[in-house]
Structures are given as structure tokens and as C-alpha cells.
2 protein chains.
Amino acid sequence: MSSTRRIGAEDSESRAALLDAAERLILTDGYAAVTSRKVAAEAGLKPQLVHYYFRTMDELFVELFRRRAEDGLVRQAQVLESPRPLRALWEFSNQPTGSAFAMEFAALANHRKDIRAEIGRFAEALRAQQLEIMTEVFERYAVDVTSYPAVTLLVLMTSVSRLLVMEERLGMSTGHAETRALVERLIDQFEPS
Amino acid sequence: MSSTRRIGAEDSESRAALLDAAERLILTDGYAAVTSRKVAAEAGLKPQLVHYYFRTMDELFVELFRRRAEDGLVRQAQVLESPRPLRALWEFSNQPTGSAFAMEFAALANHRKDIRAEIGRFAEALRAQQLEIMTEVFERYAVDVTSYPAVTLLVLMTSVSRLLVMEERLGMSTGHAETRALVERLIDQFEPS
DNA sequence: GTCTATACTTCGATAGAC
DNA sequence: GTCTATCGAAGTATAGAC
């Protein structure tokens with residue numbers, strides 16, 4: 001089954017350059033543009049090197065995702081420790097690169113089973129971390145959690161920021177300003193600016 | 001510039017079969033699986049036929065999108081004429097195939113400029129149609145549109161249904177039931193079930 | 001440990017046969 | 001009007017040279 005082919009060291013410069021190149025490509029041109037040849041060209045290296053450092057393209061994708069995911073967990077933890085966690089989370093969710101990255105991987109996962117599991121697991125971990133902090137925050141703000149559970153706010157904020165980013169990439173704008181304003185007003189109730 | 005190659009008739013059976021096959025493929029395996037060879041195999045035809053009926057693969061994608069888009073506009077118009085338009089729109093937005101289709105094309109548009117324009121234009125038309133009806137409905141229900149403009153409800157409902165479908169495909173579920181319940185309660189305020 | 005020569009597969013597209 | 005033979009480019013992956 002598993003090939004005996006040798007694989008390059010994890011701390012190699014070329015390996016890091018390939019991952020960086022793949023990350024740029026997936027953000028600008030989408031995951032379908034992440035081919036061994038294009039990644040190598042973007043990194044200024046030979047195409048065969050991709051398969052020296054990564055057994056398969058799926059392996060490269062998983063590595064790419066893990067790198068970002070771990071970084072995301074750390075940065076989100078910092079964000080949620082801020083004095084205005086609701087506002088901080090909203091601003092964090094609205095970063096275009098984060099949303100774009102999440103969407104590309106969701107689309108990718110759709111037809112690569114090995115990657116799907118990896119992504120689903122991480123996304124749940126991310127939400128669990130958010131939920132832990134948000135539950136505490138809701139308690140502090142004395143929110144009626146029977147009517148408005150903390151987790152619903154998370155889903156709502158993620159939903160809205162994700163859709164707005166996606167639509168803006170398509171050149172859409174109808175209702176965006178109004179919806180952003182609504183969310184800001186909602187946050188203002190708990191965390192006046 | 002433009003090739004002199006001949007193109008098959010628009011009402012050809014083979015052409016329709018190819019479009020149907022492409023639609024099945026994009027829904028099950030994602031847009032990256034929509035290649036000339038796979039489409040032909042799925043339709044039980046020779047791969048070269050794809051390029052007889054469609055100059056390029058992009059042209060096939062645009063045709064595929066238009067066909068669904070026009071159908072979507074018609075069906076949405078019917079939905080919004082129902083006695084409970086809010087509820088009807090929510091149920092309409094929650095159909096998994098519609099969301100899946102929208103997501104695949106959003107991802108596709110990300111790295112095919114010709115397709116992006118086509119999709120953006122249609123999506124705005126869809127929202128404009130929703131907005132027209134929703135504005136009327138909000139007036140009927142005497143909603144305070146200064147605080148809650150009709151368009152924000154549209155964006156919110158679309159956001160949530162889209163994210164839930166996407167996450168479910170990744171095997172996620174945290175917060176889904178709670179969020180659905182919240183939306184249902186909100187709709188119940190205006191349209192008791 | 002690092003990289004290259006090379007094989008094999010699939011892709012989009014065209015010109016020309018029926 | 002409908003379909004097929006065929007090409008050149010691009011894709012993944014491996015075995016072997018440095």
C-alpha cells in the first residue's frame with residue numbers, strides 16, 4: 001500500500017516556500033489553481049519538488065490547512081480575551097482572508113473525503129473554543145440565554161460575515177451596509193463603543 | 001479571434017443530456033469534477049461532443065448556471081406569493097441543493113472571471129426580487145423598518161441557511177438546532193404556525 | 001538530504017469524416 | 001446537423017541521479 005518513496009525534511013526551506021506559494025494561490029485563484037506545476041512556478045521551483053515534500057496533493061492541502069488552523073486557534077483565543085469580546089470576534093470574523101480561506105477549504109472538502117474529516121474536526125474545535133468564552137461573556141452581560149443561547153450568536157455572526165465576504169467577491173453589495181449596521185447596533189447594546 | 005468551428009443546435013437532445021449530466025456532477029462531486037470527459041461519461045456520450053455543443057467549458061458552466069438561475073427566479077416568485085412569505089422564503093432557502101449549487105458556483109466564479117460577472121448579476125436580480133416582496137410584507141406586518149430594514153432580514157436568512165447547509169456537509173452540527181429554533185421563533189412572531 | 005529525468009493519465013480543444 | 005480521430009498542454013506521481 002504505502003509507497004516507499006522518500007520524503008523531504010519538514011523544516012526544509014523549499015517545503016515552506018511551496019506551502020507559502022500554495023497559500024497565495026488558493027487565496028487569489030481558488031483551490032482548483034493549486035496544482036503541482038502552478039505551486040512550483042509560484043515558488044520558483046521545479047514541479048517535481050512538490051511531490052518530494054508531499055506524497056500527494058491532498059497531503060499538501062491538509063498541511064496547508066493545519067498550518068492556518070493552528071494559527072487561527074491561537075489568534076482567536078487572544079481575540080476572545082479582549083475587554084470587548086463580542087466586538088473583537090465580529091472584527092475577527094470579518095477579515096476577508098480568513099473567510100476566503102474557510103470557503104475554499106469547504107468547497108475543496110466537498111469532493112475530497114480525506115480532507116473533509118480534517119476540516120470538520122478543526123471547525124468544531126474552533127467553535128467550541130468560541131462557545132466557551134461566549135457563554136462566560138453572556139453570563140457577564142446577563143443575556144437571557146434561554147431565548148438567546150450563546151451558540152446562536154456565534155452561528156449568526158459567522159454566517160453573516162461569511163456571506164458578506166463571499167458576495168463582495170462576486171461584486172455584490174445589496175443590503176451589506178444595512179446588515180453590518182444592524183450587527184454593530186446589536187453589539188453596541190452590550191459593548192458601547 | 002473567435003473560432004470558426006461549428007456548434008450544435010440548442011434544442012439537441014445530446015446537448016440537454018450533457019447539461020443534465022453536468023448538473024448531477026457539480027452537485028455530487030463539486031465543480032472540479034465537471035470535466036469534458038466526465039460529463040460525457042455521465043451522459044453516456046463521447047467526450048468530443050461536449051466541445052461540439054459548447055465552445056469552451058466556461059460556456060457550458062454559464063449555460064448550466066443560466067438554466068438553474070431562470071428556474072430559481074420563477075420558483076422564488078411563486079414562493080414569495082404564498083400566504084406566509086417569511087416562512088416560505090426560509091424553507092426555500094433551506095433546500096440543500098439550492099445552497100450547494102450556489103456555493104459551487106461562488107467557488108467557481110472565484111477563478112473564472114467570465115463566469116463571475118454572470119453570477120453576480122443574477123444573484124443581485126434574485127435579491128432585488130426578494131426585496132420588492134419583503135418590503136411590502138414588512139409594511140403589512142408593521143415592522144419598524146428604520147431599525148430593521150427588510151433587506152437585512154433577507155441577508156440574515158440567506159446567511160444562516162447557507163452556512164448551516166455548508167457546515168452540515170462537513171459533518172458539523174454545533175449550534176445548528178438552536179439557531180434554526182431561534183429563526184423559527186422569530187418568524188412565528190409575524191406568521192404564527 | 002535535495003533535486004531531476006521521466007512515465008503515465010487526463011484535460012481542453014480542433015479539424016475533418018459522416 | 002451530428003459525431004470521431006487526434007493533438008498538444010497540463011496534471012499527478014515515481015524512480016533514480018547528485
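Below, chain A is the first sequence line, B the second, and so on; all start at residue 1.
Between Gln189(A) and Tyr141(A), the side chains place no donor N or O within less than 3.5 Å of an acceptor N or O (distance only, hydrogens not considered).
Residue pairs satisfying the salt bridge (charged side-chain N to carboxylate O under 4.0 Å, His left out) criterion with at least one member in residues 99-112 of chain A, sequence neighbours excluded, are listed as follows: Asp58(A)-Arg112(A), Glu104(A)-Arg169(A). Applying the side chain to side chain donor-acceptor pair (under 3.5 Å) rule to pairs touching residues 148-168 of chain B yields Arg127(A)-Glu167(B), Glu167(B)-His176(B), Glu168(B)-His176(B), Glu168(B)-Arg180(B), sequence neighbours excluded.
Applying the ring pair (Phe, Tyr, Trp, His ring centres under 6.0 Å) test to Phe138(A) and every residue at least two apart in sequence or in another chain returns nothing. Applying the ring pair (Phe, Tyr, Trp, His ring centres under 6.0 Å) rule to Phe105(A) yields the partners Phe65(A), Phe101(A); only residues at least two apart in sequence or on another chain are considered.
Summary of the strand contacts: Phe54(A) and Glu13(B) both lie near DNA chain D, and taking for each the nucleotide with the nearest heavy atom, the more 5' one is attributed to Glu13(B).
Separating the CZ atom of Arg15(B) from the C1' atom of dG1(D) is a distance of 14 Å, rounded to the nearest angstrom. If you take CG of Asp11(A) and C1' of dT2(C), they are 13 Å apart, rounded to a whole angstrom. When rounded to the nearest whole Å, the span between CD1 of Ile7(A) and P of dA15(D) equals 12 Å.
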Per-nucleotide protein contact along nucleotides 3-12 of chain D, 5' to 3', at a 4.0 Å heavy-atom cut-off (B base, S sugar-phosphate only, - neither), is BBBB---SBB
Would you list the atom pairs, donor with acceptor, under 3.5 Å between side chains in residues 30-38 of chain A and any protein atom, with sequence neighbours excluded?
{"from": "Tyr31(A)", "atom 1": "OH", "to": "His111(A)", "atom 2": "NE2", "distance (Å)": "2.7"}
{"from": "Thr35(A)", "atom 1": "OG1", "to": "Lys38(A)", "atom 2": "N", "distance (Å)": "3.2"}

